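Sharing a structure with you now.
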2 protein chains.
Amino acid sequence: MPNMSNDKAADASTLTPAQRHFIEELAVLLVPWGMPITAARLYGYLQLKEEPVSLDEIVAELEVSKSHVSTAARMLESYGNVRRLGERGTKRVLYVVGAHPGTPLIKQVTLLSQMSSLIARRKDAVASGKAADRLGRLADFHADLSRAMEGITTAERFQDPE
Amino acid sequence: MPNMSNDKAADASTLTPAQRHFIEELAVLLVPWGMPITAARLYGYLQLKEEPVSLDEIVAELEVSKSHVSTAARMLESYGNVRRLGERGTKRVLYVVGAHPGTPLIKQVTLLSQMSSLIARRKDAVASGKAADRLGRLADFHADLSRAMEGITTAERFQDPE
DNA sequence: TGACATATTCGGCATTTACCGAATATACAT
DNA sequence: ATGTATATTCGGTAAATGCCGAATATGTCA
C-alpha cells in the first residue's frame with residue numbers, strides 16, 4: 001500500500017482575488033461554447049501562466065480533485081486547446097495553453113460549413129416555395145459566416161511567437 | 001373534469017423520410033450552439049413549413065408530449081428564433097420561424113465581444129510578460145471574430161422578404 | 001529488483017436536464 | 001354562467017454529466 005497521498009495537495013493558492021475573478025468570468029463565457037466549467041477554469045488559469053504548470057499546482061489553485069484535473073486537462077489537450085509536456089527524468093506532466101487562441105472555437109466553425117452544405121444540398125428535396133427560398137438564404141447565411149470565421153480562426157497573426 | 005384529451009394527438013406524420021432525416025441532421029448541428037435537441041428539431045421542422053403550424057400539428061410530427069412542445073416553442077420564441085401567432089376567435093396558437101436566420105447564433109456573437117472586452121480590460125491586472133502578451137492577442141482575436149460575425153448576423157440580405 | 005512519485009482508471013454519488021402526464025388555467029362561444 | 005378547446009404549470013422520473021476518492025498503473029531512480 002504505497003503512498004496514499006492522493007489528497008488535494010496543500011492548498012496554497014497563489015492566485016490574487018483579481019485573478020480568480022478573471023478566471024471565473026472567462027470560464028462562464030467559455031461554457032456556452034461547449035466547454036465544461038472546470039475545463040474552462042483550467043484553460044483560463046493556464047492563460048495566466050507564463051510557464052508550464054504541473055497537475056498538483058493546478059489542483060492547489062483550482063481546488064478540484066487531481067483525478068478530475070487529469071481528465072479535464074487531457075480533454076483540453078485532445079481539442080488542441082492545451083499542450084502537454086513531459087519532463088525527462090520524471091513521470092510528471094506539465095501543461096501550457098496551445099499556440100493558437102482560436103482552438104476552442106474551431107469545432108463551431110466546422111459546424112457552420114456543415115450546416116450550410118447540408119441545407120444547400122437538401123433544400124429542394126425537403127421544401128418548396130417560400131420555405132425553400134428561406135432555406136436558400138439560411139444556407140447562404142451560414143456559408144458567409146463560415147468563411148468569415150474561418151479566415152480569422154486560421155490567421156497566423158494571433159499565434160504565439162516562437 | 002372536462003375533456004381529458006391531453007394525449008398525443010392522432011399521430012399522422014405527413015413528413016417524408018427525407019424530411020425527417022433532414023430535421024434530424026440539422027438538429028444535431030444546432031445542439032452544440034446550445035439548443036436542446038427537441039427545440040432544435042422543432043426549429044428545423046418549422047423551417048420546412050410555408051405556413052404557421054399549431055402545437056397539435058407539431059406534437060403529431062415530432063412525437064413529443066404537448067406540454068413539452070409548448071415549453072420548447074416558448075423557449076425558441078424567447079430567443080427570437082420563432083414567432084408566435086395568435087388567431088382571433090380561438091385560444092389556439094401558431095408558430096413560424098423568425099424573419100432572420102441568424103437568431104440562433106446571436107447569443108454566441110455577443111459572447112465573443114464580451115470575451116474580448118473582458119480580456120482587454122483585465123489582462124494587465126492579472127498577467128504579465130509573455131502571458132499578458134498572449135492575452136492581448138486573445139482579446140484581438142475575439143474582437144476580430146466578433147466584428148466579422150456581427151456584420152453578417154445583422155445583414156439584412158438574409159432576412160425574410162415581407 | 002524494490003521503493004517512490006506521479007498519473008490514470010473506475011465505481012459511485014450528487015446535480016442537472018429533458019421529458020412525460022395529470023391537473024389546472026385561460027380564452028372563447030353559446 | 002357554463003362548456004369546450006386549447007395552452008400551461010407542476011411534480012416526478014430517468015438519463016446524462018461532473019466530480020470525488022480509492023485503487024491501480026506507470027515511469028524513474030537507487
Side-chain angles (χ1 to χ4, degrees), chain A residues 1-11 24 27-28 30-43 52-79 82-95, chain B residues 1-11 24 27-28 30-43 52-79 82-95:
Chain A
M1 196 198 304
N3 178 24
M4 294 304 317
S5 71
N6 233 346
D7 324 276
K8 304 188 186 177
D11 31 23
E24 195 58 36
V28 165
L30 283 170
V31 165
W33 298 90
M35 199 179 289
I37 184 79
T38 310
R41 290 197 190 100
L42 171 50
Y43 181 75
V53 298
S54 71
L55 286 185
D56 281 315
E57 288 179 78
I58 298 167
V59 166
E61 298 292 10
L62 263 44
E63 292 168 342
V64 292
S65 75
K66 189 166 182 177
S67 62
H68 193 243
V69 168
S70 172
T71 57
R74 275 173 297 151
M75 154 183 306
L76 287 178
E77 191 204 10
S78 79
Y79 287 139
V82 133
R83 256 168 49 231
R84 174 197 179 97
L85 309 173
E87 288 174 302
R88 265 193 321 211
T90 171
K91 185 169 162 35
R92 194 159 63 145
V93 89
L94 303 175
Y95 284 97
Chain B
M1 196 198 303
N3 178 24
M4 296 302 316
S5 71
N6 232 345
D7 323 275
K8 304 187 185 179
D11 30 24
E24 195 58 35
V28 166
L30 283 171
V31 165
W33 297 90
M35 199 179 290
I37 184 79
T38 310
R41 291 196 190 98
L42 172 49
Y43 181 74
V53 298
S54 72
L55 284 186
D56 281 315
E57 289 179 76
I58 298 167
V59 166
E61 298 292 10
L62 263 44
E63 293 168 342
V64 292
S65 75
K66 188 166 182 176
S67 61
H68 190 59
V69 169
S70 171
T71 57
R74 275 174 296 149
M75 156 184 302
L76 286 178
E77 192 205 10
S78 80
Y79 287 140
V82 134
R83 255 167 49 231
R84 174 197 179 98
L85 309 173
E87 289 175 301
R88 265 192 322 209
T90 171
K91 184 169 161 39
R92 195 159 63 144
V93 88
L94 303 175
Y95 284 97

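On a predicted model such as this, the values are computed, not experimentally measured, just so you know.
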Flag side-chain contact, heavy atom, 4.5 Å: Leu76(B) against Leu42(B):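 Of all side-chain heavy-atom pairs linking Leu42(B) with Leu76(B), at least one is under 4.5 Å.
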
Below 4.5 Å, heavy atoms only, C-beta onward: do Met75(B) and Pro36(B) meet side chain to side chain?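 Side-chain contact under 4.5 Å: yes.
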
Is any side-chain nitrogen or oxygen of Arg92(B) closer than 4.0 Å to OP1 or OP2 of dT8(D)?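 No, outside the criterion.
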
Polar side chain donor-acceptor pair, Arg74(B) to Ser70(B), under 3.5 angstrom: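 Yes, Ser70(B) and Arg74(B) have a side-chain donor paired with an acceptor closer than 3.5 Å.
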
Starting from P on dT6(C), measure out to OH on Tyr95(A) and report it in whole angstrom.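 In whole Å, dT6(C) P and Tyr95(A) OH are 15 Å from each other.
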
Distance, rounded to the nearest Å, where Lys91(A) contributes NZ and dT28(D) contributes C1':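 That distance rounds to 10 Å.
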
Select from Met35(A) and Gly89(A) the residue whose nearest nucleotide in DNA chain D is closer to the 5' end of that strand.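 Its nucleotide being nearer the 5' end, the pick is Met35(A).
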
Is Lys66(B) close enough to dT6(D) that one of its side-chain N or O atoms is under 4.0 Å from OP1 or OP2 there?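 No, outside the criterion.
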
Please determine, for the side chain of Val93(B), which listed nucleotide (dA7(D), dA7(C), dC20(C)) has the closest atom?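 So the side chain of Val93(B) is nearest to dA7(D).
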
Check the phosphate of dA18(C) against Arg41(B), side-chain N and O only, distance under 4.0 Å to OP1 or OP2. Yes or no?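 Answer no for this pair, as no side-chain N or O of Arg41(B) is under 4.0 Å from OP1 or OP2.
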
For a quick check of understanding: with a heavy-atom distance under 4.0 Å over all strands, which category does Arg88(A) fall into, base, sugar-phosphate or nothing?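 No contact.
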
Can you tell me the distance, in whole Å, between the NE2 atom of His68(B) and the P atom of dT8(D)?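 Taking atom P of dT8(D) as the reference, NE2 of His68(B) is at 14 Å.
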
Rounded to whole angstrom units, what separation is found between the CZ atom of Arg84(B) and the C1' atom of dT26(C)?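 Rounding to the nearest Å, CZ of Arg84(B) and C1' of dT26(C) are 12 Å apart.
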
Which is more 5' along DNA chain D, the nucleotide nearest Glu87(A) or the one nearest Ile37(A)? Just name the residue.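 It is Ile37(A) whose nearest nucleotide is closer to the 5' end.
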
Round to a whole Å and report the spacing from CE of Met75(B) to P of dT17(C).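 So the CE-P distance, Met75(B) to dT17(C), works out to 10 Å.
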
Distance check needed: dA7(C) C1' versus Ile58(A) CD1, whole Å only.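 In whole Å, dA7(C) C1' lies 12 Å from Ile58(A) CD1.
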
Of Arg74(A) and Thr90(A), whose nearest nucleotide on DNA chain C comes first from the 5' end?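 Nearest nucleotide further toward 5': that of Thr90(A).
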
Over all heavy atoms of both residues, which pair between Pro52(B) and Glu57(B) is shortest? Give the atoms and the distance, please.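 For Pro52(B) versus Glu57(B), the nearest heavy atoms are O-OE2, 4.5 Å.
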
Value in whole Å for how far the P atom of dA18(C) lies from CG of Leu30(B):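 Leu30(B) atom CG is separated from dA18(C) atom P by 15 Å.
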
Looking for any heavy atom pair under 4.0 Å, which part of the strands does Ser54(B) touch: base, sugar-phosphate only, or nothing?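 The answer is nothing, as Ser54(B) stays clear of every strand by at least 4.0 Å.
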
Side chain of Ser70(A): nearest nucleotide among dC19(C), dA7(C), dT9(D)?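 Of the candidates, dA7(C) comes closest.
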
Separation of dT6(D) C1' from Asp56(B) CG (nearest whole Å):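 The answer, rounded to whole Å, is 8 Å.
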
Options dT8(D), dA18(C), dT26(C), nucleotide nearest the side-chain atoms of Leu55(B):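 Taking heavy atoms from C-beta onward, the closest nucleotide is dT8(D).
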
Enter the distance from Ser78(B):OG to Arg84(B):CZ here, rounded to the nearest 0.5 Å.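 Ser78(B) OG to Arg84(B) CZ: 11.5 Å, rounded to 0.5 Å.
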
Measuring to OP1 and OP2 of dA22(C), would you say a side-chain N or O of Ser67(B) lies under 4.0 angstrom away?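 Result: no.
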
